[in-house]
Protein chains: 4
Amino acid sequence: MSNPILDAILAQGLTKWKTEKQRRVVETSIKMFAEKGYANTSTAEIARAAGVSEGTIFKHFGTKDHLLLSIIVPFVNDFFPVMAKEVLNDTLSENTKSFEQFLRDLLKNRVAFITENKEIFQVFIKEVIYREELKRELVPYFTKLVPPLFTNIVEQFKESGELIDLPADRILKSLLTLLGGFFVSRFLLMENYIISENEIEDVVQFVMNGLSKNQTAE
Amino acid sequence: MSNPILDAILAQGLTKWKTEKQRRVVETSIKMFAEKGYANTSTAEIARAAGVSEGTIFKHFGTKDHLLLSIIVPFVNDFFPVMAKEVLNDTLSENTKSFEQFLRDLLKNRVAFITENKEIFQVFIKEVIYREELKRELVPYFTKLVPPLFTNIVEQFKESGELIDLPADRILKSLLTLLGGFFVSRFLLMENYIISENEIEDVVQFVMNGLSKNQTAE
Amino acid sequence: MSNPILDAILAQGLTKWKTEKQRRVVETSIKMFAEKGYANTSTAEIARAAGVSEGTIFKHFGTKDHLLLSIIVPFVNDFFPVMAKEVLNDTLSENTKSFEQFLRDLLKNRVAFITENKEIFQVFIKEVIYREELKRELVPYFTKLVPPLFTNIVEQFKESGELIDLPADRILKSLLTLLGGFFVSRFLLMENYIISENEIEDVVQFVMNGLSKNQTAE
Amino acid sequence: MSNPILDAILAQGLTKWKTEKQRRVVETSIKMFAEKGYANTSTAEIARAAGVSEGTIFKHFGTKDHLLLSIIVPFVNDFFPVMAKEVLNDTLSENTKSFEQFLRDLLKNRVAFITENKEIFQVFIKEVIYREELKRELVPYFTKLVPPLFTNIVEQFKESGELIDLPADRILKSLLTLLGGFFVSRFLLMENYIISENEIEDVVQFVMNGLSKNQTAE
DNA sequence: GATGAATGAGATTTCATTCAT
DNA sequence: CATGAATGAAATCTCATTCAT
């Protein structure tokens, strides 16, 4: 039942790094893990690039693995909960008149967030995909956490008649697959790529109307 | 300008593995690279699991890196060209009456292919995402190769009035993003997952009509 | 219930070292562990003194700890079983007329054996005393194994009237304490010390008659 | 000719530890050294367990080695001199009528002392046996110091006719070997073992009369 | 006096690769 | 073609010790 990585995730408070050198280690690690991957980055390289001794890294983070978690955990703690509360509820209850608008706001918000944390996002995705143990522990965490966040919204707009009359889980599967592919392709495959408002709008339109022509007219 | 990996890709003929032991090495490597990633699999482990000596591996493959390429290259050589010729042209000229039908056939075909080569697909994706040098060399190869394959088809169905009136590159971006997300999520994140006909149909419908309700009516 | 070190002890067959280099590693380790102790001997030192690379050590022995066991285990397997069968039974049934004679023979035999394996004996004792985990696993092994070997003999000579009329366990406790102290002091504290026939005879006399004067006569 | 450890032993006065934190460091070190040995206990562990900073340890003790000496030296200074004066002389001149009684008193006294200082005794023995340099410096110290303490007594009781007519050094060798084995086995191998009056009496009887039956009779 | 961040030397361990058989 | 012992470079990690605060 015990899940050490999730335990670590939960245990990690909001404590930010105590010293300048620790901060430099984390920042450097993010950059190097994002570029070459965790397994291809040595602690010696990190130490050199961060201008600290290797001892310092291990003094503070214990193991290289825990250094990785020290990067991933706060990101995970920020990414989904924030999505849950700030984005979903706030957006939904006050401003949003339509699912289309909700989707547009969500996309803009998450694109902005990931653009700001692009390298951590890369590290996170790469390691979740690459390392079986991380996948085993984190993927269920998401698949349990994320769909419920959206189910209510989808149901609501199905009732209002805006969304197609399919079971919410099937709607979400398509939607999340597209959004996942969107983020991964844009932030992992196309580096240095900047997502424009127009592109977000294309995605929104694609989600809403698909590719066939005469959806609306006549 | 020289590109060693592409060179290797092109140089590699259709030669299949000569000896039983070589075959076992390749098969074992695929399994282990798929599960733990290239960087986390040692040649000693492969040798043990394949029941050969480490010497044998290096006799045949020279380096561990070349062993990886010996796995990836034939896969790449199969995946896209086959897609190009067999699927696209054949499908298009003879059977296909609509883009929707083309998309359905393409998806079924590629789902079948990847299901058969699931582990190699995992190795391929993981390493392309994980290792900068591989990404730098292979991603442009795809972005140059793949869109042209589809441009004609998209244009054709735009003219026939089935597809929305957007520039082909924007249509393709949305489409390929979705399809990429579909394959990656189904084959990398959800292991042991079997894709049903129904699910393919859901994707097709989503691509064609999106999520909003009143696509057709009134 | 499982006991990894005992498992290793039992698993270890009579296989002697396969290669010359491995033999040199073991021999060098014994010398260095005996002199400076396991914890104060680095694998780098061993490699240098044995004329092999560090890699070779770890290729064959896996860990430094397993190298230690590779030394201790065959020693343990030789020391006690041999004592049990060859020394006790053979000596007892055929040659021995008295407990005194049995004790004399036993002492000579074991002194000869340990003199031949002095350094391994030192390593063994030092590590059993020094490291809690080894003690926890090996001490019960001895306290279960050794006393039964002697109980019969003691009982037999109690009946024949040669030995004092005390419970065998109390006799053995005194006897084994003395013998243990004898071996440890002579082989661990006094190095380069050679045990003479006379000294063995003194021990035998001490065991039999103690230090008080008027044991026998008048 | 200079002997740093002996120098330290002599230099160390009766100064007890000045601050609470120093006391905690020493106490914690004794426990941890006794359990895992000096070499397997890090100063970081000691600091954590003692609730002080690592800096504090080095502030007071300079080096880890000196911390060990700060434990061993007062013990050595207590153990033998006290034995010399209080036990030997006092006991001898006033109360003791026989060697047997002297031995009994000595054993009771030392058993009580070591029982009280069991962990320090363990540290002391372990490190003397384990580390060559300590052995080289401390063993001669004992072999020079201890036998003279007993020679007079042995000679006296040889003259009085109680003890066997052997050279004192041979008598002492047997006796000290037994006593050493007794203390080491009881306090190092059998932990949590409590030595009873009966057991002491058994040892005394063994020393005086040995194991053979008809010492006295007829 | 006390702290604990930082260090660097060195320890153990891993691993792709070589090569004699 | 096949082996597996051997290597050495590099990786992760440990730890006594220093020092600014």
Side-chain angles (χ1 to χ4, degrees), chain A residues 17-22 24-25 39-47 50-67, chain B residues 18-22 25 38-48 51-67, chain C residues 17-22 24-25 39-47 50-67, chain D residues 18-22 25 38-48 50-68:
Chain A
W17 309 117
K18 291 173 211 145
T19 72
E20 166 65 11
K21 301 219 170 192
Q22 286 169 39
R24 287 214 308 268
V25 168
N40 299 313
T41 306
S42 75
T43 52
E45 284 177 289
I46 294 169
V52 304
S53 70
E54 269 194 274
T56 298
I57 295 179
F58 285 93
K59 182 81 168 192
H60 201 73
F61 298 95
T63 65
K64 192 187 168 193
D65 230 84
H66 193 72
L67 171 59
Chain B
K18 292 168 213 150
T19 72
E20 167 65 10
K21 302 217 170 197
Q22 284 181 54
V25 168
Y38 173 85
N40 298 315
T41 307
S42 72
T43 51
E45 283 177 289
I46 295 169
R48 203 180 319 120
V52 303
S53 71
E54 274 195 88
T56 299
I57 295 179
F58 285 90
K59 191 73 136 195
H60 282 297
F61 301 94
T63 66
K64 190 189 170 192
D65 235 84
H66 193 71
L67 171 59
Chain C
W17 310 115
K18 291 177 213 142
T19 73
E20 167 65 12
K21 300 218 172 194
Q22 285 169 38
R24 287 214 308 267
V25 169
N40 298 315
T41 307
S42 76
T43 52
E45 285 176 289
I46 295 169
V52 303
S53 70
E54 269 192 275
T56 298
I57 296 178
F58 284 93
K59 183 81 168 191
H60 201 74
F61 299 94
T63 65
K64 191 187 168 192
D65 231 83
H66 193 71
L67 170 60
Chain D
K18 291 167 214 153
T19 72
E20 167 65 11
K21 303 218 169 196
Q22 286 181 53
V25 169
Y38 174 85
N40 298 314
T41 306
S42 73
T43 52
E45 283 177 289
I46 295 169
R48 203 180 318 120
V52 303
S53 69
E54 273 194 89
T56 299
I57 295 179
F58 286 91
K59 191 73 138 196
H60 282 296
F61 301 94
T63 67
K64 190 188 171 191
D65 234 82
H66 193 71
L67 171 59
L68 175 64

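Worth knowing before you read on, the calculation uses all heavy atoms, side chains too, and leaves out hydrogens, waters and symmetry mates. Letters A, B, ... are given to chains in the order of the sequence lines, protein chains preceding strands, and every chain is numbered from 1.
- For F:dT3, the OP1/OP2 oxygens have a side-chain nitrogen or oxygen of B:Thr56 closer than 4.0 Å.
- Two residues, B:Glu45 and A:Lys21, neighbour DNA chain E, and the one matched to the more 5' nucleotide by heavy-atom proximity is A:Lys21.
- In this structure, the CZ atom of B:Arg48 is 18 Å from the C1' atom of F:dA2, given to the nearest Å.
- Listed pair B:Ser53 / F:dT3 meets the phosphate criterion, a side-chain N or O lying under 4.0 Å from OP1 or OP2.
- Annotated stems with DNA chain F as a participant read E:2-21 with F:2-21, given as range with range, by first number; only runs of 3 or more Watson-Crick or G-U pairs under 3.5 Å qualify.
- For A:Thr19, taking side-chain heavy atoms from C-beta onward, the closest of the listed nucleotides E:dA2, E:dA6, F:dT7 is E:dA6.
- Contact annotation: A:His60 side-chain N/O to E:dG4 OP1/OP2 distance is not under 4.0 Å.
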> What string of B, S and - do you get for nucleotides 16-21 of chain E, 5' to 3', if B is base contact, S is sugar-phosphate-only contact and - is no contact with any protein heavy atom under 4.0 Å?
Replying inline: BBB---
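- In this entry the distance linking CD1 of B:Ile46 with C1' of F:dG4 reads 17 Å, nearest Å.
- Going from atom CD of D:Glu54 over to atom CD of D:Glu45 covers 10.0 Å, rounded to the nearest 0.5 Å.
- Looking only at side-chain heavy atoms (C-beta outward), D:Leu68 and D:Phe61 stay at 4.5 Å or farther from each other.
- Using a 4.5 Å heavy-atom cutoff, the side chains of B:Leu67 and B:Thr43 are not in contact.
- If you take CZ of A:Phe61 and P of E:dG4, they are 18 Å apart, rounded to a whole angstrom.
- Put simply, CG on C:Asn40 is 18 Å from P on F:dT14, counting in whole angstrom units.
- Between atom CD1 of residue D:Ile46 and atom CZ of residue D:Arg48 there is a gap of 10.5 Å, rounded to the nearest 0.5 Å.
- Nucleotide E:dA9 holds its P atom 16 Å from the CD1 atom of A:Ile57, rounded to whole Å.
- Remark: A:Lys21 engages A:Thr19, A:Arg24, A:Val52 in a side chain to side chain contact (heavy atoms under 4.5 Å, CB included) (not counting sequence neighbours).
- Residues B:Phe58 and B:Lys64 come closest through the heavy atom pair CE2-N, 4.0 Å.
- Minimum interatomic distance between C:Ser53 and C:Ala47 (heavy atoms only, all atoms of both residues): C-CB, 3.9 Å.
- Between A:Glu20 atom CD and E:dG4 atom C1' there is a gap of 17 Å when expressed in whole angstrom units.
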